[in-house]
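Scroll down for the structure; my scribbles are underneath it.
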Amino acid sequence: MSIEIAFHAGYFSDVLLYQSALKKLKKDNISFTTENYIKNAQTILNTNLPESIFPKMAFLLESICLVNQVVPKQSAFFNLEDGLFQWVETTADVGTTVAMNFELAEALAIREDLNLDGYTVAFRAFQ
């Protein structure tokens with residue numbers, strides 16, 4: 001459970017620390033979902049992005065979901081040539097998803113503490 005919480009909160013180094021702790025305890029039977037969290041954390045940490053942006057982004061994304069009464073279903077990260085791309089799939093319909101992406105863009109435009117060069121994130125309706 002600690003891996004999942006650390007992942008969703010944007011603390012990806014902690015995900016790998018918890019993985020190391022599991023290995024020391026010889027806990028080899030981790031779930032497919034937990035393995036995905038670990039794989040995604042490794043992908044994210046292999047970028048040149050500062051780790052400090054991820055907890056702030058996790059809080060912002062969660063806040064937008066809460067305001068819109070939408071549940072995030074899953075997140076997928078892709079390491080592209082020009083940086084990191086993240087889809088956040090939600091329970092929202094298409095209209096709400098579009099509105100949430102506008103809210104995200106507006107929120108990011110006023111955040112001077114987030115340098116997101118090389119990182120793109122967007123909401124999408126659950127497929």
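Only heavy atoms go into these numbers, but all of them, side chains included; no hydrogens, no water, no symmetry mates.
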Show me the donor-acceptor pairs, under 3.5 Å and distance only, between side chains in residues 46-53 and residues at least two apart or in other chains.
unit_1, atom_1, unit_2, atom_2, d
Asn46, ND2, Gln42, O, 3.1
Thr47, OG1, Ile44, O, 2.7
Thr47, OG1, Leu49, N, 3.3
Glu51, OE1, Ser13, OG, 2.5
Glu51, OE2, Ser13, OG, 2.8

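Residues satisfying the side chain to side chain donor-acceptor pair (under 3.5 Å) criterion with Asn68, sequence neighbours excluded, are Glu103. Looking at residues two or more places apart in sequence or on another chain, you find a side chain to side chain contact (heavy atoms under 4.5 Å, CB included) between Thr97 and Thr90, Ala92, Asn101, Phe123, Ala125. Applying the ring-ring contact (aromatic ring centres under 6.0 Å, His included) test to Phe85 and every residue at least two apart in sequence or in another chain returns Trp87. Applying the ring-ring contact (aromatic ring centres under 6.0 Å, His included) rule to Phe54 yields the partners Phe12, Tyr119; only residues at least two apart in sequence or on another chain are considered. The side chain to side chain contact (heavy atoms under 4.5 Å, CB included) search around Leu108 returns Met57, Leu60, Leu104, Leu114, Leu116, not counting sequence neighbours. Residues passing the side chain to side chain donor-acceptor pair (under 3.5 Å) test with Glu62, sequence neighbours excluded: none. Annotation: side chain to side chain donor-acceptor pair (under 3.5 Å) contacts of Thr34 (sequence neighbours excluded): Ser31. Residues passing the side chain to side chain donor-acceptor pair (under 3.5 Å) test with Thr96, sequence neighbours excluded: Asp93. Taking Lys39 as the reference, nothing meets the side chain to side chain contact (heavy atoms under 4.5 Å, CB included) condition, with sequence neighbours excluded. Legend: residues meeting salt bridge (Lys or Arg N to Asp or Glu O under 4.0 Å) with Lys56, ordered by chain and number and at least two apart, are Asp113. Take Tyr37 and apply the ring-ring contact (aromatic ring centres under 6.0 Å, His included) test, not counting sequence neighbours, and it matches Phe7, His8.
Atom OG of residue Ser2 and atom CG of residue Leu17 lie 11.5 Å apart, to the nearest 0.5 angstrom. Rounded to the nearest 0.5 Å, atoms CG (Asn40) and CG (Asn79) are 10.5 Å apart.
Using a 4.5 Å cut-off between side-chain heavy atoms of Ile, Leu, Val, Met, Phe, Trp and Tyr, with links allowed through other members, Phe77 and Leu45 fall into the same hydrophobic cluster. When hydrophobic clusters are built by joining Ile, Leu, Val, Met, Phe, Trp and Tyr residues whose side-chain heavy atoms come closer than 4.5 Å, directly or via intermediates, Leu61 is not grouped with Phe59.
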Side chain to side chain contact (heavy atoms under 4.5 Å, CB included) between Gln86 and Thr120, intermediate numbers included: CA-CA 6 Å; Gln86 177 186 5; Thr120 304; over 6 Å; no
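Side-chain contact between Val98 and Phe102 is present, with heavy atoms from C-beta onward closer than 4.5 Å.
A salt bridge links Arg124 with Glu89; the closest basic N to acidic carboxylate O contact falls under 4.0 Å.
Considering all non-hydrogen atoms of both residues, Leu16 and Ala41 come closest at CD2-CB, 4.4 Å.
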